[in-house]
Each structure stands twice: as C-alpha cells, then as structure tokens.
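Basis for what follows: all heavy atoms, side chains included, without hydrogens, waters or symmetry-related copies.
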Amino acid sequence: MSDRALRGMQIGAKSLETEDGIVFADRTQKRYRCENGHVFSVTMSVDASAPATWECKCGAPAEFLGDAEPDDSKPPKPVRTHWDMLLERRSEEELEVLLQEQLEVLRRGELRDGVAYRR
C-alpha cells in the first residue's frame, strides 16, 4: 500500500515551486588560490565583502585573489528603540491622552484579560 502512495513522483528530484516573480540578488564571483595551486571562485552577493581566506576543496587555506576590496563601510544605522518607533506613529501628547484613558479604565476596575480597549 505504501509503495503505491508515492508512485509517479520522484521525491526530492523535482520541485513543485516555480521561480515566477522572484527577483534574485545581484551576485559576483570572488576568486581564490590555495597553496596547492588550486584556483576557484566563490559566488557571493555584490554587497558582501570577500573574506581574505577561504577553505579550498583540498582542505588548504586559499587566499583572495585581486585587489583589496574598497572599504565602503557606511556608518552604522542608529538603533531604533521601541520608543522611537512609537513616536513615529503618535505624538507625546497623544500618548499622554492614551495613558490617562487607560489609567481611568484601570481605576474603574474594568480591565479584563484578552480584551482590547483601544483600537
């Protein structure tokens, strides 16, 4: 019975998903040479910086071929805290009004689990 359940389908051989509408990331080839003389390339994203060494298929460390990559390091983005994201949606005056409304609900004892009070 179990032999017939999967008949006609080669499991793992073919994907049922299509690549329609998928935009692939831009890629580039980075070349390396190991101490045994093997030259190979590794596909990486255009945005990725190539490491100075890569392990060859023979197990030896391989050095990056080509010029040193330009250091186009951008200044890191400032960390957005929860408070920063909240202030993007509401002003402090609106938040103060919300706080007062919720405190009134709390003082009246109307808080219940799982109930949304403000939409």
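- Side-chain heavy-atom separations under 4.5 angstrom define the hydrophobic clusters, and the remaining members of the one that includes Phe24 are Ile22.
- Taken to the nearest 0.5 Å, the OG1 atom of Thr81 stands 8.0 Å off from the CG atom of Leu87.
- Taking Arg80 as the reference, Glu88 meet the side chain to side chain donor-acceptor pair (under 3.5 Å) condition, with sequence neighbours excluded.
- Every side chain to side chain contact (heavy atoms under 4.5 Å, CB included) that Glu104 has, sequence neighbours left out, goes to Arg107, Arg108.
- Residue pairs meeting the side chain to side chain donor-acceptor pair (under 3.5 Å) criterion with at least one member in residues 37-48, sequence neighbours excluded: Gln29-Ser41, Gln29-Thr43.
- Scanning for salt bridge (charged side-chain N to carboxylate O under 4.0 Å, His left out) contacts around Glu93 gives an empty result, with sequence neighbours left out.
- In this structure Asp26 satisfies the side chain to side chain donor-acceptor pair (under 3.5 Å) test with no other residue, sequence neighbours excluded.
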Side chains of residues 51-65: which donor-acceptor partners sit under 3.5 Å, not counting sequence neighbours?
none

